[in-house]
2 protein chains.
Amino acid sequence: MQRKGDTNSKVYLVESGLLRSYTIDEKGKEHIYMFGPENWLVTDNCKPETPCQLFIDAIEDSILNVASKEEMVKETPDFNALFRRLNSMQNRIVMLMSSSAKERYEHFVETYPNIIPRVPLKMVASYLGITPEALSRVRNELSKNK
Amino acid sequence: MQRKGDTNSKVYLVESGLLRSYTIDEKGKEHIYMFGPENWLVTDNCKPETPCQLFIDAIEDSILNVASKEEMVKETPDFNALFRRLNSMQNRIVMLMSSSAKERYEHFVETYPNIIPRVPLKMVASYLGITPEALSRVRNELSKNK
DNA sequence: CCTATGCCTTGATGTACATCAAGAAATGAC
DNA sequence: GTCATTTCTTGATGTACATCAAGGCATAGG
């Protein structure tokens, strides 16, 4: 139905049935991102033109109302901000489920390089869901490898 | 600025500065939910009339554009669905950062009781970010205590 | 019937991270 | 400057969860 890397910018409104969207990590393990029961809107919260990171398929036989993201944009002002927001939440959840503390930190540094110098590291640790001690060791590790 | 339990249904658009929204768990530890640098919209994604679960305050001196959620609703159709969605993502992230596998499972059962019987437990485990084995042990634990 | 295949469980062991404790380094108050 | 406070680091130990391996129990197909 939808596979990682597709640029299928669809939005699925579930009329009946049950969808799931999920990632598959490098070890081949699935991480379900969301179940989509009746009346849920299932989509990859990435920008319409970018490749998807999620797989979407049906767990039960389902009836769907399919729209394109572009259509939705017309109906909803400032949808770009919403996409950004939802997208970052999504990334966050996926990171929390499937990445190590080190990976989450590296991702954070890449994504929000301007935040790092502006907050105490313990706040970054908190954002990443780890302790300041763990973050300290992660950074120690990373600086050695350079 | 905003404290947990307030029904301060405000939306903060950050013009300059830096906000953070965060939870404090039962051990008194803070879990930052989001940083709000320039041009970000910071709010608790709960319904306008419900008490907030997040604290919001400023890390740097900040200039904010404050609106009420009600105002935003008028400008954006189907905002209710959006609130539900954002709210569930937020809960999810908070759970992932601060709760044990057991707590996450209990929360899931309460929140989506209708999902459980409809999917294999291994999918629930995946949704919770744990292995099927771990979920099995958690359920084992819980059934003993009844 | 027998044999797959997928799901769930249980046990043994490993590991990433937390917790606790202490000290170093930076920051600010006076 | 001194002292206090906060931040960051380092080490020792604990624990929640993962991983690996095996077996039981279904349901489906021959």
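Letters A, B, ... are given to chains in the order of the sequence lines, protein chains preceding strands, and every chain is numbered from 1.
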Problem - For A:Arg139 against A:Tyr105, the heavy-atom pair lying closest together - result: NH1-OH, 2.7 Å

Exercise for the section: Under 4.0 Å from any atom of DNA chain D, heavy atoms only: list the residues of residues 104-131 of chain B that qualify, in numerical order. Expected result: B:Gly129, B:Ile130, B:Thr131

Is it the case that the side chain of [X] and the backbone of [Y] share a donor-acceptor pair, with hydrogens and angles ignored and the cut-off at 3.5 Å?
| X | Y | answer |
| --- | --- | --- |
| A:Ser62 | A:Leu18 | yes |
| B:Arg92 | A:Met89 | no |
| A:Ser143 | A:Asn140 | yes |

Dump the pairs, protein N or O against N or O of nucleotides 20-29 of chain C, anything under 3.5 Å, distances to one decimal.
unit_1, atom_1, unit_2, atom_2, d
C:dC20, N4, A:Glu133, OE2, 3.2

Exercise for the section: Would you mind telling me which of C:dA18, C:dT9, D:dT10 lies closest to the side-chain atoms of B:Arg139? Expected result: C:dT9

Between [atom2] on [N] and [atom1] on [X], what's the gap in Å once rounded to a whole number?
| X | N | atom1 | atom2 | result |
| --- | --- | --- | --- | --- |
| B:Glu141 | D:dA16 | CD | C1' | 12 Å |
| B:Lys102 | D:dA16 | NZ | C1' | 12 Å |
| B:Asn140 | C:dG11 | CG | C1' | 12 Å |
| A:Leu142 | D:dT9 | CG | C1' | 15 Å |

Practice task
Cation-pi check, A:Arg104 to A:Tyr127: give yes when NZ or CZ is under 6.0 Å from the six-membered ring centre and within 45° of the ring axis, no otherwise.
Solution key: no

Practice task
Can you sort out the partners of A:Glu106 under side-chain hydrogen bond (donor to acceptor under 3.5 Å, both in side chains), two or more places apart, ordered by chain and number?
Solution key: none

Practice task
State yes or no: do A:Met34 and B:Ile93 share one hydrophobic cluster built from I, L, V, M, F, W and Y residues joined by side-chain heavy-atom distances below 4.5 Å, directly or via other members?
Solution key: yes

Practice task
Tell me, with the steps shown, if B:Tyr112 and A:Phe35 meet ring-ring contact (aromatic ring centres under 6.0 Å, His included).
Solution key: CA-CA 10 Å; B:Tyr112 305 103; A:Phe35 290 114; 8.0 Å; no

